[in-house]
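Atoms considered below: every heavy atom in the structure, side chains included; atoms not considered: hydrogens, waters and symmetry mates.
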Amino acid sequence: MAHVIRNFERPAAELVERIKQFPPSTLHEAQGRSGALTSRIKPIYPGMRACGPAFTVSCHPGDNMMLITAISLASPGDILVVSAGDHPEQGGFGEVLSTACMAKGIVGLVTDAGVRDGPAIHARGFNVFCYGLCMKGTVKETLGFINHPIVIGGVAVRPGDIVSADDDGVVVVPWETIADVTAKSRAREDKEAEVMKALEAGGDILELSGIGKVLQAKGCAFA
């Protein structure tokens, strides 16, 4: 079995652009409250935002050799999704690798590990979602896999799945459901916009949300 799969089918650019307009929380709700990675994986600084096809990497804990290899092979618009052993006590990604990513047009990194050089990464404006900052370096010795299916943060990710991340966390949208989830996200946001407009006009949240009827059906009594 090949360790490195160079090529895989990415979603059409038009589909990626359409789904980018929705935040991860909306995508999560629109696909039945699924696809959210563990909340431990968060941006290293507030305001980071990334969305694009997953370029998957599997690294041995404490080793970033396959991550470096992936940076060389990834395409503009990709997000590196790196399974690194669910091990926060390592900083196998820092300023040098973020510089390499930005030069390649890679839009973000998601990993179940730590990273280092946080202030420098922030200053450069690269989007990193991880367990936090850790100065401990890594070796470059052990083979892993690139563009094979992985599990990270409790969620299965395949090359080409959409990964969307912001301050709320990270969500994965399977590539074959992108169009459907995009349509459902648009419908959800349109409905929420109508509710918020009605609230600003003095509407009642219980009535507008439908919770009033639920309370009544469950026999809720008000004194």
Side-chain angles (χ1 to χ4, degrees), residues 1-43 48-59 66-67 69-86 101 104-113 127-130 144-193:
M1 179 173 65
H3 288 88
V4 176
I5 297 175
R6 292 178 175 270
N7 300 308
F8 61 92
E9 186 175 355
R10 291 173 173 84
E14 183 267 338
L15 285 176
V16 176
E17 288 302 313
R18 282 172 55 198
I19 203 166
K20 275 183 181 179
Q21 63 187 302
F22 303 108
S25 58
T26 294
L27 300 176
H28 170 62
E29 293 284 350
Q31 62 181 1
R33 297 182 180 174
S34 66
L37 273 59
T38 174
S39 61
R40 294 168 60 202
I41 297 178
K42 289 286 178 60
M48 291 186 165
R49 175 80 172 97
C51 183
F55 192 100
T56 62
V57 187
S58 178
C59 291
M66 300 311 289
L67 170 55
T69 305
I71 293 171
S72 174
L73 298 175
S75 295
D78 285 346
I79 293 183
L80 298 176
V81 185
V82 183
S83 172
D86 195 39
C101 285
K104 288 293 298 284
I106 297 166
V107 300
L109 168 79
V110 175
T111 184
D112 59 356
N127 304 299
V128 176
F129 301 81
C130 63
F145 296 93
I146 292 176
N147 289 325
H148 290 256
I150 62 173
V151 175
I152 178 173
V155 176
V157 187
R158 300 164 302 172
D161 287 345
I162 286 293
V163 176
S164 180
D166 67 7
D167 286 346
D168 284 338
V170 184
V171 71
V172 176
V173 178
W175 63 265
E176 66 271 22
T177 68
I178 294 172
D180 180 61
V181 172
T182 299
K184 289 177 178 177
S185 295
R186 169 48 58 206
R188 180 180 178 84
E189 291 217 334
D190 288 346
K191 182 179 179 180
E192 288 184 345

Would you call Gln21 and Arg186 a side-chain contact if the rule is heavy atoms closer than 4.5 Å? yes
In this structure, OG1 of Thr38 is separated from CG of Asp112 (nearest 0.5 Å) by 10.0 Å
Please give me the minimum heavy-atom distance between Lys104 and Ala74, naming the atom from each residue. NZ-O, 3.1 Å
Enumerate donor-acceptor pairs with a distance under 3.5 Å from any side-chain N or O in residues 165-173 to protein atoms, sequence neighbours excluded.
unit_1 : atom_1 : unit_2 : atom_2 : d
Asp166 : OD1    : Asp168 : N      : 2.9
Asp167 : OD1    : Gly47  : N      : 2.8
Asp167 : OD2    : Gly47  : N      : 3.2

Could you grab the distance from atom CD of Glu14 to atom CD1 of Ile178, nearest 0.5 Å is fine? 10.5 Å
Non-hydrogen side-chain atoms of Pro174 and Arg158 separated by less than 4.5 Å: yes
Expected output: side-chain Glu29 to main-chain Thr26 donor-acceptor under 3.5 Å: no
Report the distance from atom NZ of Lys20 to atom CG of Leu27, rounding to the nearest 0.5 Å. 13.0 Å
Taking side chain as C-beta onward, heavy atoms only, is Pro53 less than 4.5 Å from Glu9? no
Taking all heavy atoms of Cys130 and all of Ala113, pick out the closest pair and write down the distance. CB-O, 3.2 Å
What I'd like to find out is whether the side chain of Leu73 reaches to under 4.5 Å of the side chain of Phe55, using heavy atoms alone. yes
Taking the side chain as every heavy atom from C-beta outward, state whether Arg18 and Pro11 have any pair of such atoms under 4.5 Å apart. no
Using side-chain contact (heavy atoms from CB on, under 4.5 Å) as the criterion, point out the one residue from Leu67, Thr56, Val110 that pairs with Leu80. Leu67
Distance check, rounded to the nearest 0.5 Å: Ser164 atom OG versus Phe129 atom CZ? 8.5 Å
Interatomic spacing from CD in Glu176 to CG in Asp161 - rounded to 0.5 Å: 7.0 Å
Checking Ser185 side chain against Ala30 main chain: does a donor-acceptor pair fall under 3.5 Å? no
Under 3.5 Å, is there a donor-acceptor pair between the side chain of Asp78 and the main chain of Ile106? no
Check whether His3 reaches the backbone of Phe145 with its side chain - one donor and one acceptor, N or O, closer than 3.5 Å. no
If you measure from CD1 on Ile162 to OG1 on Thr182, what distance do you get to the nearest 0.5 Å? 8.0 Å
Would one find more than 12 heavy atoms of other residues, nucleotides or ligands at under 6.0 Å from atom NZ of Lys184? no
Exam field: side chain Asn147 to backbone Ile5, donor-acceptor pair closer than 3.5 Å: yes
